[in-house]
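Just so it is clear: chains get the letters A, B, ... in the order the sequence lines come, proteins before strands, and each one is counted from 1. Please read all numbers here as calculations on a predicted model, not as lab measurements.
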Amino acid sequence: MVRRIKVKKLMAEPTLGKDVLVKGWVRTKRGNRNIVFIALNDGSTINNIQIVADAASFDESLLKDITTGASIGVTGRLVESQGGGQNIEISALHIEIYGKSDANTYPLQKKGHSMEFLRENAHLRFRTNTFGAVFRIRHAMAFAIHKYFNDIGFFYLHTPIITGSDAEGAGEMFHVTTLDLKTIPRGEDGAIDFREDFFGKETNLTVSGQLEGELGALALGEIYTFGPTFRAENSNTPRHLAEFWMIEPEMAFYDLNDNMDLAEDFVKYLIRYALENCKEDLEFLDRMVNPGLSGRLKFVVENEFVRITYTEAVDILSASGRKWEFPVGWGRDLQAEHERYLVEEHFLKPVIITDYPKEIKAFYMKQNDDGRTVRAMDVLFPGIGEIIGGSQREEVYDKLLARIRELKLPEKDLWWYLDTRRFGTAPHSGFGLGFERFILFVTGMANIRDVIPFPRTPKNAEF
RNA sequence: UCCUCAGUAGCUCAGUUGGUCAGAGCGGCGGACUGUUAAUCCGUAGGUCGUAGGUUCGAGCCCUACCUGGGGAGCCA
């Protein structure tokens, strides 16, 4: 009895002349009356193993059922390939079909499909070269994120997915309720009576784990979260999802510069990890999906990110002599066209912009002495825009409280957040990295819906 | 949500000023071929032209609404 071996291992350590057993899904079958070639993929690598079957040695009906998409197991001798295109192949002795695949109705063909078509067949698109590569890389990046933080002493903190806080201010939220929507209990003023709801109060899906993350950081030192995040915004773009994954490190005793250093080192580490550990998948994507990908990844690793203040950015944009669709001016938020100009035309490398006007940033950001800017930072990447947003947090109780009142935020709901500033407050910083946006950059894919297995977007929750 | 483009065979698309306009390539199926590489060659079957209305003697084509998808913008990660 031969033990099954994964194709990746088989190709890394070929045992020529030995019998092997491989199991996987048929990508293509070619041949004639005498000889049949099967390209088999088991998902462990982008590379297919070629199976060669002498037609006379197998049932005609068995060979007929080996079609694109079918699942089979093959026992055979591992030999040097006689043909070009691959070094080794398996000379089949025995083939077992686990699951047939009707060639008439199986949606995937040998030829290329559009991304839109594959998105509608998200349950099967894992079986394509492109999506196999994307999701192997996605895994490698998730693993590398944990490795990076673990190696430098950060703790993985699980912040809640259901939250009773609506003060995060990061966008529209999905309600979580067990109330019967047909007979919603209401008070005398017509407002919904959440006392009868499961948690006895209004609850939502989280839009950020940051506030809770800060609580952890102000005791454990350095923490990070890595979990699902939900935004009920009606955003229809290739860069937005209603359900996405976010990494949010939060560090005590880090100022904004420490924060930027970490963000840059972190992102470069991940890209370096991909270059070293996802070579074949990246080469495929570079060749077939996005020419120049590997070069761009190396460029990011090898070059310092530009660091400028918001004020400097406005000056550069104003002096550019360009005509903008949206006006440039101190106090106005930077538009996509402005960010794109800075990253893709002016500096030609990732840019970190800091010290934004306080009016266009969140309440918790540390206020600068100038009274009008906050210690915020946005990391901008070519083609993607904002990939990281972060800041040094306001650790001074009075200043934070004043800002909360200024913005008329629900002070009562934030008692626990404010408590950290009353008891042993400390300077601290953190940022959020959109996982899918980062995967977009690493894989060179164009649409965020193609780097998450089952995208959730407005009007789409299929699968 | 706004702007814009698109929806015709399983897939990718062509279809002229409204009148043989139901088409091609690929895929599938049948056949040929002694080692293929998105194999090649011959043959063959597939469609309520996104949905619902409307204009017209006549609509794939023109008009209206809606649905779905792409691109751009906004919101953001």
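A:L241 places its CG atom 14 Å from the P atom of B:A77, with the value rounded to the nearest Å. In this entry the distance linking CG of A:D378 with P of B:C75 reads 12 Å, nearest Å. One atom, CZ of A:F230, and another, P of B:A77, lie 16 Å apart when rounded to the nearest Å. When the P atom of B:C75 is taken as reference, atom CD1 of A:I384 falls 19 Å away, rounded to whole Å.
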Please list every donor-acceptor pair under 3.5 Å in which a side-chain atom of residues 6-25 of chain A meets a protein atom from a residue at least two apart or in another chain.
from  : atom 1 : to    : atom 2 : distance (Å)
A:D19 : OD1    : A:R77 : NE     : 2.9
A:D19 : OD1    : A:R77 : NH2    : 3.2

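B:G46: glycosidic angle within 90° of 0, hence syn.
You won't find any donor-acceptor pair under 3.5 Å spanning the side chain of A:H113 and the base of B:C11, going by distance alone. The base of B:C75 lies close enough to the side chain of A:S235 for a donor and an acceptor atom to sit less than 3.5 Å apart.
B:C57 and B:C66 have their C1' atoms separated by 29 Å, with the value rounded to a whole Å. Rounded to the nearest Å, the gap between the P atom of B:C26 and that of B:A39 is 13 Å. A distance of about 14 Å separates the C1' atoms of B:A6 and B:U12, rounded to the whole Å. Nucleotides B:U1 and B:A59, compared at atom P, are 34 Å apart to the nearest Å.
Pairing partner, B:U1: B:A73, with both Watson-Crick or wobble hydrogen-bond distances short of 3.5 Å. In this structure B:U64 sits in a base pair with B:A52, meeting the Watson-Crick or G-U test at under 3.5 Å. In this structure, B:C41 forms a base pair with B:G31, meeting either the Watson-Crick or the G-U wobble geometry with both donor-acceptor distances under 3.5 Å. In this structure, B:U17 forms no base pair with any nucleotide, since neither Watson-Crick nor G-U wobble geometry is met with both distances under 3.5 Å.
With sequence neighbours excluded, the residues forming a side-chain contact (heavy atoms from CB on, under 4.5 Å) with A:Q50 are A:R30, A:F37, A:V52, A:S81, A:Q86, A:E89, listed by chain and number. Scanning for side-chain contact (heavy atoms from CB on, under 4.5 Å) contacts around A:K64 gives an empty result, with sequence neighbours left out. With sequence neighbours excluded, the residues that form a side-chain contact (heavy atoms from CB on, under 4.5 Å) with A:T225 are A:T159, A:I223, A:E248. In this view, A:S235 and A:E233, A:H240 satisfy the side-chain contact (heavy atoms from CB on, under 4.5 Å) rule, not counting sequence neighbours.
The pair A:K279-A:D286 fails the salt-bridge criterion, with no side-chain N (NZ, NE, NH1 or NH2) lying under 4.0 Å from an Asp/Glu carboxylate O.
Side chains of A:N129 and A:R27: a donor-acceptor N/O pair is present below 3.5 angstrom, by distance only.
For residues 342-352 of chain A, the salt bridge (charged side-chain N to carboxylate O under 4.0 Å, His left out) pairs, not counting sequence neighbours, are A:R322-A:E345, A:R340-A:E344. For residues 373-388 of chain A, the set of pairs meeting the side-chain hydrogen bond (donor to acceptor under 3.5 Å, both in side chains) definition, not counting sequence neighbours, comprises A:D355-A:R375, A:Y356-A:D378, A:K361-A:D378, A:N368-A:T373, A:D370-A:T373. Contacts classified as salt bridge (charged side-chain N to carboxylate O under 4.0 Å, His left out) and involving residues 437-462 of chain A (residues at least two apart or in different chains) are given here: A:R119-A:D450, A:R125-A:D450.
Under the ring-ring contact (aromatic ring centres under 6.0 Å, His included) rule, A:F226 has a single partner from A:Y156, A:F435, A:F155, A:F149, which is A:F435.
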Polar atoms only, N or O, under 3.5 Å: list the protein pairs with nucleotides 68-72 of chain B and their distances.
from  : atom 1 : to     : atom 2 : distance (Å)
B:G70 : OP1    : A:R119 : NH1    : 2.4
B:G70 : OP1    : A:R449 : NH1    : 3.1

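Taking the six-membered ring where the residue is Trp, the centroids of A:Y269 and A:Y148 are separated by under 6.0 Å. Checked against the 6.0 Å centroid criterion, the rings of A:F299 and A:F441 do not qualify as a close aromatic pair.
For the segment residues 122-136 of chain A, the set of residues with a heavy atom within less than 4.0 Å of an atom of RNA chain B is empty. Residues of residues 432-442 of chain A that place a heavy atom closer than 4.0 Å to RNA chain B, in numerical order, are A:G432, A:G434, A:R437.
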(request) Let me have a per-nucleotide readout for nucleotides 26-41 of chain B, 5' to 3', with B, S or -, counting only protein heavy atoms under 4.0 Å. (result) SSSSS-SBSBBBBB--

